Structures are given as structure tokens and as C-alpha cells.
Amino acid sequence: MKKSIGLKKTRSAVFISGTGSNLKNLIKFSNKKNSPISIELIVSNNKKAKGLKYSNQYEIKKEIINFKNYKLAENKILKILMKKKIGLICLAGFMKILSRNFIKNFSGKIINIHPSLLPKYKGLNTHFRAIKNKEKFSGCTVHFVSSKLDSGKIIMQKKVKITRNDTSFSLKRKVLKKEHLLYPAAIKKILY
Ligand code: GRF
């Protein structure tokens, strides 16, 4: 997947389910001259996702996909992705688990950001669990997506110190700041 600077940007899609702060950050990154990606599509399984507002704001096409029937939903997305010649999928707070079949179609081209230092704290409520276990550090990870939840090859991580006064909320905020640095850096790492 490596490419050198000056080549065409990789056409990318960002999948979200909620706030979309990583989406916004990736859009800003993609708009930089030397960015290796362009964002061509926003996909959401949730029609109420706040992040969908960035579709209008930045004039990026959005697709809202109902996942009641997983197979139909994934087939619909796959068709759209092929049509738009998408070469990279960035999951950013996307709350659905993609099937093995879907992942096979985009093998090595789906990445995710997770709010913990994987392999620790896969799944949900990472900040709460890290604090409860009296961890000294937490952080975030960008990794390739495999069919096992939060288990694909790690691309990059960033650490955050957990202080005595941290709550899940304050830790989430601290980690999110790091996420916004990490995601672009990880994309550069795999594409440059
Ligand atoms: C982030 O913490 C990300 O690591 C996790 O979901 C959250 C999404 O936040 N996968 P946002 O919607 O990008 O603000």
C-alpha cells in the first residue's frame, strides 16, 4: 500500500456512528496539500450520528446504511465503495462489527482507531476499565481491522498518563486529543 509523495491521493471512506471528532480531524488532514488521502465518502449506520453534519459542512457525500439486515447492508456499502474506487476505509467510532466477508473484500485496507493501548482493553468502556484497574497509562491505537474484534496488526500507538484525579470523562478527553494526532500519523505511516 506504500506510495511516495506526489502520487495521487488514496480515495478514502470514513465510517462513523456518533460524534465524528475523528472524522472532522481526518477531513482537515485530507485537505492538506501533502496529505496521502482524500475523503470521498462518509458512511454511518446511525442516521442521528452528530458527525453526519460534516458531510454538508465539507461537501462530502454521505451514506446512511440500515444494519438491520447485515448482509444487505454490507453488500450495499461494498457496491458504493467499489463504484467510488475507495482504497482505504477508516473506521472512526463505527459501532458495527464488519463481517469476515466484508473485510476480505478490502483486505489490508481497513483501519480502526481504538481508545486504549491494545491488546489491553478491547471492546467498550475502555477508560472506565483502565481507571478501575489502577493503570498508570492509557492511550490509543490505530490498527488494521481483522475479523477478530480490536485484534488486527497494530500500526501506531500513543500513550497518555492517568493521574489520580482522572475520571472516565477526563481520560476520554485526554485520549481523544491524542487520537487526533495519531490517526493522521498512522495513515502517513502506511501510505507514504
Ligand atoms: C473514539 O474514542 C475512538 O477511538 C472510538 O470511538 C470514539 C469516536 O469518537 N473508536 P469520535 O466520534 O471520533 O469523536
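These figures come from a predicted structure and were not determined experimentally. Residues take their numbers from the sequence shown, with the count starting at 1.
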Worked verdict on K122 versus S151 for side chain to side chain donor-acceptor pair (under 3.5 Å): CA-CA 8 Å; K122 298 173 181 176; S151 297; 3.2 Å; yes
Donor-acceptor pair, [X] side chain versus [Y] backbone, under 3.5 Å?
{"X": "Y70", "Y": "I97", "result": "yes"}
{"X": "K189", "Y": "I155", "result": "yes"}
{"X": "R11", "Y": "L41", "result": "no"}
{"X": "N69", "Y": "K71", "result": "yes"}
{"X": "S170", "Y": "T167", "result": "yes"}
{"X": "N45", "Y": "N66", "result": "no"}
{"X": "S44", "Y": "N46", "result": "yes"}

Trace of the side-chain contact (heavy atoms from CB on, under 4.5 Å) decision for H127 with F169: CA-CA 8 Å; H127 306 306; F169 184 74; over 6 Å; no
Compile the donor-acceptor pairs under 3.5 Å between side chains in residues 47-65 and protein atoms, sequence neighbours left out, one pair per line.
from : atom 1 : to  : atom 2 : distance (Å)
S55  : OG     : I60 : O      : 2.7
K61  : NZ     : E63 : OE2    : 3.1

N133/Y121 under side chain to side chain donor-acceptor pair (under 3.5 Å): CA gap, chis, key distance, verdict: CA-CA 11 Å; N133 287 345; Y121 305 111; 2.9 Å; yes
Pair K84 + E40: basic N to acidic O under 4.0 Å: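 Result for this pair is no, no salt bridge flagged.
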salt_bridge(K158, E179) N-O dist < 4.0 Å: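 Here K158 does not pair with E179 in a salt bridge, since their nearest N and O are not under 4.0 Å apart.
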Over all atoms of both residues, closest heavy-atom pair of S138 and P115: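 Minimum heavy-atom contact is OG-O, 4.3 Å.
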Nearest non-hydrogen partners of Y183 and L91, listed with the distance: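 Distance-wise, the nearest heavy atoms are OH-O, 2.8 Å.
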Show me the donor-acceptor pairs, under 3.5 Å and distance only, between side chains in residues 140-148 and residues at least two apart or in other chains.
from : atom 1 : to   : atom 2 : distance (Å)
T141 : OG1    : S116 : O      : 2.6
T141 : OG1    : L118 : N      : 3.1
T141 : OG1    : Q157 : NE2    : 2.9
H143 : NE2    : N112 : ND2    : 3.2
S146 : OG     : K148 : N      : 3.4
S146 : OG     : K148 : O      : 3.4

Salt bridge (Lys or Arg N to Asp or Glu O under 4.0 Å) against D166, all qualifying residues, sequence neighbours excluded: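 With neighbours one apart ignored, the set is K174.
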What distance separates [X] [atom1] from [Y] [atom2], expressed to the nearest 0.5 Å?
{"X": "I37", "Y": "K188", "atom1": "CD1", "atom2": "NZ", "answer": "11.0 Å"}
{"X": "S168", "Y": "F128", "atom1": "OG", "atom2": "CZ", "answer": "6.5 Å"}
{"X": "L78", "Y": "S99", "atom1": "CG", "atom2": "OG", "answer": "8.0 Å"}
{"X": "L81", "Y": "F106", "atom1": "CG", "atom2": "CZ", "answer": "4.5 Å"}
{"X": "I77", "Y": "N75", "atom1": "CD1", "atom2": "CG", "answer": "9.5 Å"}
{"X": "I27", "Y": "N22", "atom1": "CD1", "atom2": "CG", "answer": "11.0 Å"}

I89 with I111, same ILVMFWY side-chain cluster at under 4.5 Å: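 No; tracing contacts between hydrophobic side chains, which count when under 4.5 Å, never links both residues.
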Within one Ile-Leu-Val-Met-Phe-Trp-Tyr cluster: I110 and I80, side-chain cutoff 4.5 Å: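 Same cluster: I110 reaches I80 through Ile, Leu, Val, Met, Phe, Trp or Tyr contacts under 4.5 Å.
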I162 side chain near V160 side chain, heavy-atom distance below 4.5 Å: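 SC-SC contact between I162 and V160 ruled out.
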Donor-acceptor side-chain pairing of S21 and H180 below 3.5 angstrom: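 H180 and S21 do have a side-chain donor-acceptor pair below 3.5 Å.
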Derivation of the side-chain contact (heavy atoms from CB on, under 4.5 Å) call for I42 and L23: CA-CA 8 Å; I42 299 165; L23 164 65; 3.9 Å; yes
Heavy atoms of other groups near K120 NZ, more than 12 under 6.0 Å: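 Count not over threshold, so no.
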Over 12 non-hydrogen atoms of neighbours within 6.0 angstrom of CE in M95: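 No, the 6.0 Å shell around CE holds no more than 12 heavy atoms from other groups.
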side-chain contact (heavy atoms from CB on, under 4.5 Å) partner of T10, the single match among I86, L191, I187, I190: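 Answer after filtering I86, L191, I187, I190: L191.
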